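One structure is given below, encoded as structure tokens.
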Amino acid sequence: MQDILHFIDGRAAPSVDCRSFEKRSPLNNQPIARIAEGGQVEVDAAVTSARTALKGDWGRMGMDRRVTMLHNVADEITRRFDDFVAAEMADTGQPHHVIAHAFVPRGAANFRVFADIFKNAPTESFQMDTPDGRGALNYAIRKPKGVIAVISPWNAPFLLMTWKVAPALACGNTVVVKPSEEAPATATLLGEVMNAVGVPPGVYNVVHGFGADAAGEFLTRHSGVDAITFTGETGTGSAIMRAAADGIRDVSFELGGKNAGIVFADCDFDAAVEGLFRSSFMNTGQVCLGTERVYVERPIFERFVSALKLRCEAVKYGRPTDPGSDYGPLISHEHQRKVLSFYASAMADGATLITGGGVPELPGDLSAGAWVQPTIWTGLPESAAVVREEIFGPCCHMRPFDTEEEVLALANANRYGLATTIWTQNLSRAHRMASAIEVGITWVNSWFLRDLRTPFGGAKQSGIGREGGVHSLDFYTEQRNVCIKL
Ligand code: NAD
Ligand code: 6OD
């Protein structure tokens with residue numbers, strides 16, 4: 001069993017009362033780690049350390065040195081690539097190729113990209129007339145906001161945590177991270193990287209523990225925190241927003257989704273099947289940008305359902321390192337129970353089950369893991385729970401449509417507005433749809449293709465604010481205007 005400790009003021013540390021909790025492998029339910037469980041004392045210590053660091057070497061450091069240091073963080077992550085991959089595979093049970101080719105490299109890229117974006121970002125300036133004819137010059141400067149609380153989820157833990165930590169540090173802030181209790185390992189490992197490249201103590205802190213009435217909530221309520229960035233469920237976002245109201249702290253939220261995939265009859269059929277398979281089932285459906293509602297134009301509906309069914313039935317269950325395995329378990333038995341209750345509700349609502357719907361039979365110790373089958377339903381009304389609510393599992397409901405107007409209305413009839421994927425060869429239609437769909441990101445003939453310079457976030461109840469590119473700088477800095485009378 002591995003011990004996973006907090007990382008406070010540049011040191012790995014247990015809780016003062018040595019309180020801890022157990023992490024079990026999603027693959028087979030065996031205990032794999034003991035994790036320090038933080039409370040108010042650890043949160044106080046981490047926030048104090050972060051505040052102190054703002055006034056020390058880090059606060060005085062010039063931009064070039066900070067940018068170089070963040071590049072060194074990226075290089076050190078790359079040097080310790082195998083450690084990060086192993087830690088994330090152990091926490092989530094997801095296949096090696098997902099973690100090693102997508103998630104961990106993005107962690108390193110987050111540091112490189114945001115260091116460069118900060119360095120190259122222009123600031124605004126305006127010349128103005130004055131009554132005496134001499135004029136004045138206004139220009140804006142960016143200052144770090146201070147101590148940033150980063151509250152992150154479990155589904156792509158390293159990617160999602162560094163997506164917040166990297167721009168926050170690039171802008172000169174210090175951070176206290178409360179990683180998900182379900183996937184804590186890479187956060188502490190990143191502390192080792194920070195030390196190895198000489199990031200001063202207190203700049204990057206991690207307090208492990210739970211959310212409500214625990215480390216997460218104590219952190220978001222802490223008066224020493226200047227802004228909160230959160231990725232997770234919409235309900236948790238509401239609770240954090242209430243906490244942020246005390247002290248009028250700024251928030252950036254990336255929340256839940258119930259994303260529509262839209263397939264027109266003129267699409268590249270094979271590419272669309274593969275695209276929808278990835279968007280609905282990659283990471284065992286535990287991707288906020290994933291597709292749980294699939295709308296297919298009627299002439300190709302039956303053929304498309306059959307092709308996606310075949311693709312689902314070809315998945316290879318297994319350990320992340322098993323040769324050929326391409327499909328992992330859910331994160332926990334608690335999440336498995338939630339997903340299976342949605343599977344049951346679909347059948348109770350009268351769904352036609354196309355494939356899956358239950359727990360696969362797996363050999364040996366894997367039979368004790370948090371596995372569920374990839375699942376497709378048809379035939380439900382839009383009011384059914386599995387068509388309306390975020391499940392965050394490997395499943396989708398498929399429905400035929402006849403017109404662009406009809407599918408647009410169906411796609412938009414949901415409280416969430418995170419992402420969509422549209423498959424068509426008609427460029428005008430792609431532009432029309434992308435402009436009318438109420439989401440933060442539309443992918444056309446693709447999915448989860450990310451350029452980190454672009455605005456990223458959710459519409460409606462899928463989030464508040466945008467990060468990515470200069471939008472991250474806008475959240476992690478305070479702009480101050482200087483007006484010089486000439
Ligand atoms: P969650 O909201 O349960 O937990 C996320 C984090 O918040 C965890 O660290 C948790 O301990 C903490 N937390 C919980 N209650 C808290 C409270 N009251 N105060 C402070 N912290 C608290 O989410 P999850 O189950 O870890 O992740 C899955 C959810 O995240 C899904 O809804 C998914 O759509 C969403 N998500 C969104 C995006 C996005 O970019 N929009 C990305 C990934 C995941
Ligand atoms: O790519 C990103 O920057 C991002 N935030 C992805 C979110 C994935 C959700 O599961």
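Keep in mind the model is a prediction, meaning the values are calculated, not measured. As the structure lists them, so they are numbered: ligands from 1, and atoms in each ligand from 1.
- None of Asp226, Asp474, Asp250 except one satisfies the salt bridge (Lys or Arg N to Asp or Glu O under 4.0 Å) rule with Lys145; the exception is Asp250.
- With respect to atom 27 (O) of ligand 1, the closest heavy atom belonging to the protein is Pro153 CB, 3.4 Å.
- In this structure, Arg337 does not pair ionically with Glu334, as no charged nitrogen and carboxylate oxygen lie closer than 4.0 Å.
- Nearest protein heavy-atom contact of atom 37 (C) of ligand 1 is Leu255 O, 3.0 Å.
- Counting the atoms of ligand 2 from 1 in the order shown, those under 4.0 Å from a heavy atom of Arg106 are 1 (O), 2 (C), 3 (O).
- A salt bridge is absent between Arg221 and Asp213: the closest approach of a Lys/Arg side-chain nitrogen to an acidic carboxylate oxygen does not fall below 4.0 angstrom.
- With Glu182, Gln286, Glu181 as candidates, the residue nearest to atom 10 (C) of ligand 1 on a non-hydrogen basis is Glu181.
- In terms of protein heavy-atom proximity, atom 38 (C) of ligand 1 is closest to Cys288 SG, 2.9 Å.
- Checking Thr378 against His397 by side-chain atom types alone, no donor-acceptor pair falls below 3.5 Å.
- Here the heavy atom of the protein found nearest to atom 4 (C) of ligand 2 is Phe456 CZ, 3.6 Å.
- Protein heavy atom at the shortest distance from atom 23 (O) of ligand 1 is Glu233 N, 3.5 Å.
- Counting protein heavy atoms only, atom 13 (N) of ligand 1 is closest to Gly211 CA, 3.5 Å.
- Summary of contacts: the protein heavy atom closest to atom 10 (O) of ligand 2 is Asn155 ND2, 2.7 Å.
- Close approach to Leu160 involves these atoms of ligand 1, each under 4.0 Å from a residue heavy atom: 43 (C).
- Considering backbone and side-chain atoms together, Thr234 places no N or O closer than 3.5 Å to any N or O of ligand 1.
- Polar contact with ligand 1: present for Glu390 (N/O pair, distance under 3.5 Å).
- Thr188 and His208 share a side-chain donor-acceptor pair at under 3.5 Å.
- The aromatic rings of Tyr327 and Tyr317 sit perpendicular, their planes meeting at an angle over 60°, well past the 30° parallel limit.
- Protein heavy atom nearest atom 15 (N) of ligand 1, with residue, atom name and distance: Thr236 CG2, 3.3 Å.
- Under 4.0 angstrom from ligand 2, the non-hydrogen atoms of Val287 come from both its backbone and its side chain.
- Between the side chains of Tyr343 and Gln373, not a single donor N or O lies within less than 3.5 Å of an accepting N or O.
- Ligand-side atoms of ligand 1 in range of Asn155: 43 (C), 44 (C), range being under 4.0 angstrom from any heavy atom.
- Contact annotation: Gly235 has no heavy atom less than 4.0 Å from any atom of ligand 1.
- For ligand 1, one of its N or O atoms has an N or O atom of Glu254 under 3.5 Å away.
- A cation-pi contact, defined as under 6.0 Å to the ring centre and within 45° of the axis, links Arg311 to Phe277.
- Atoms of ligand 1 found under 4.0 Å from any heavy atom of Phe230, numbered from 1 in the order shown, are 2 (O), 5 (C), 6 (C), 7 (O).
- For ligand 1 and Pro179, the ligand atoms under 4.0 Å from any heavy atom of the residue are 9 (O).
- Interface atoms of ligand 2 facing Arg450, defined by a heavy-atom separation under 4.0 Å, are 1 (O), 2 (C), 3 (O).
- Counting the atoms of ligand 1 from 1 in the order shown, those under 4.0 Å from a heavy atom of Ile151 are 6 (C), 7 (O), 9 (O), 12 (C), 21 (N).
- Within the 3.5 Å criterion, the main-chain N or O of Asn29 finds a donor-acceptor partner in the side chain of Arg24.
- For ligand 1, the atoms lying closer than 4.0 Å to a non-hydrogen atom of Leu418 are 41 (N).
- Heavy-atom proximity to Glu217, at under 4.0 Å, picks out these atoms of ligand 1: 19 (N), 20 (C).
- Phe230 and Phe253 have perpendicular rings, their planes meeting at more than 60° on a 0 to 90° scale where under 30° would count as parallel.
- Between the side chain of Asn173 and the backbone N or O of Gly146, at least one donor-acceptor pair lies under 3.5 Å.
- The aromatic rings of Phe392 and His335 sit perpendicular, their planes meeting at an angle over 60°, well past the 30° parallel limit.
- Heavy-atom minimum distance, Thr220 versus Arg249: O-NH2, 2.6 Å.
- The nearest protein atom to atom 35 (C) of ligand 1, hydrogens excluded, is given as Gly232 O, 3.3 Å; this is a heavy-atom distance.
- Between Thr421 and Trp423, the side chains place a donor N or O and an acceptor N or O closer than 3.5 Å (distance only, hydrogens not considered).
- Checking Ser280 against Glu292 by side-chain atom types alone, no donor-acceptor pair falls below 3.5 Å.
- Distance check for atom 4 (O) of ligand 1: every protein heavy atom is found at 4.0 Å or beyond.
- Both the backbone and the side chain of Lys178 come within 4.0 Å of ligand 1, judged by heavy-atom distances.
- Remark: ligand 2 atoms within the under-4.0 Å shell around heavy atoms of Glu254 are 5 (N).
- Side-chain polar atoms of Gln40 and Asp44 form a donor-acceptor pair below 3.5 angstrom.
- Looking at Thr229 and Lys164, their side chains do bring a donor and an acceptor atom within 3.5 Å of each other.
- Near Gly216, the atoms of ligand 1 lying under 4.0 angstrom from a non-hydrogen atom of the residue are 19 (N), 20 (C), 21 (N).
- Not a single heavy atom of Gly463 sits closer than 4.0 Å to an atom of ligand 1.
- Using a non-hydrogen distance threshold of 4.0 Å, Glu467 does not register as a contact of ligand 2.
- Residue contact check: Cys288 has heavy atoms under 4.0 Å from atoms 7 (C), 8 (C), 9 (C), 10 (O) of ligand 2.
- Remark: side-chain polar atoms of Thr92 are paired, donor with acceptor, to backbone N or O of Gln94 under 3.5 angstrom.
- A salt bridge is defined here as a Lys NZ or Arg NE, NH1 or NH2 lying under 4.0 Å from an Asp or Glu carboxylate O, and Arg142 with Glu478 fails to meet this definition.
- The proximity of Ser152 to ligand 1, defined as any non-hydrogen pair under 4.0 Å, is limited to the backbone.
- Residue contact annotation: Gly458 has no non-hydrogen atom under 4.0 Å from ligand 1.
- Looking at atom 26 (O) of ligand 1, its nearest protein heavy atom turns out to be Trp154 CD1, 3.0 Å.
- Contact annotation: for Leu160 versus ligand 2, heavy atoms closer than 4.0 Å belong to the side chain alone.
- Counting only N and O atoms by type, the side chains of Glu181 and Trp154 include no donor and acceptor under 3.5 Å apart.
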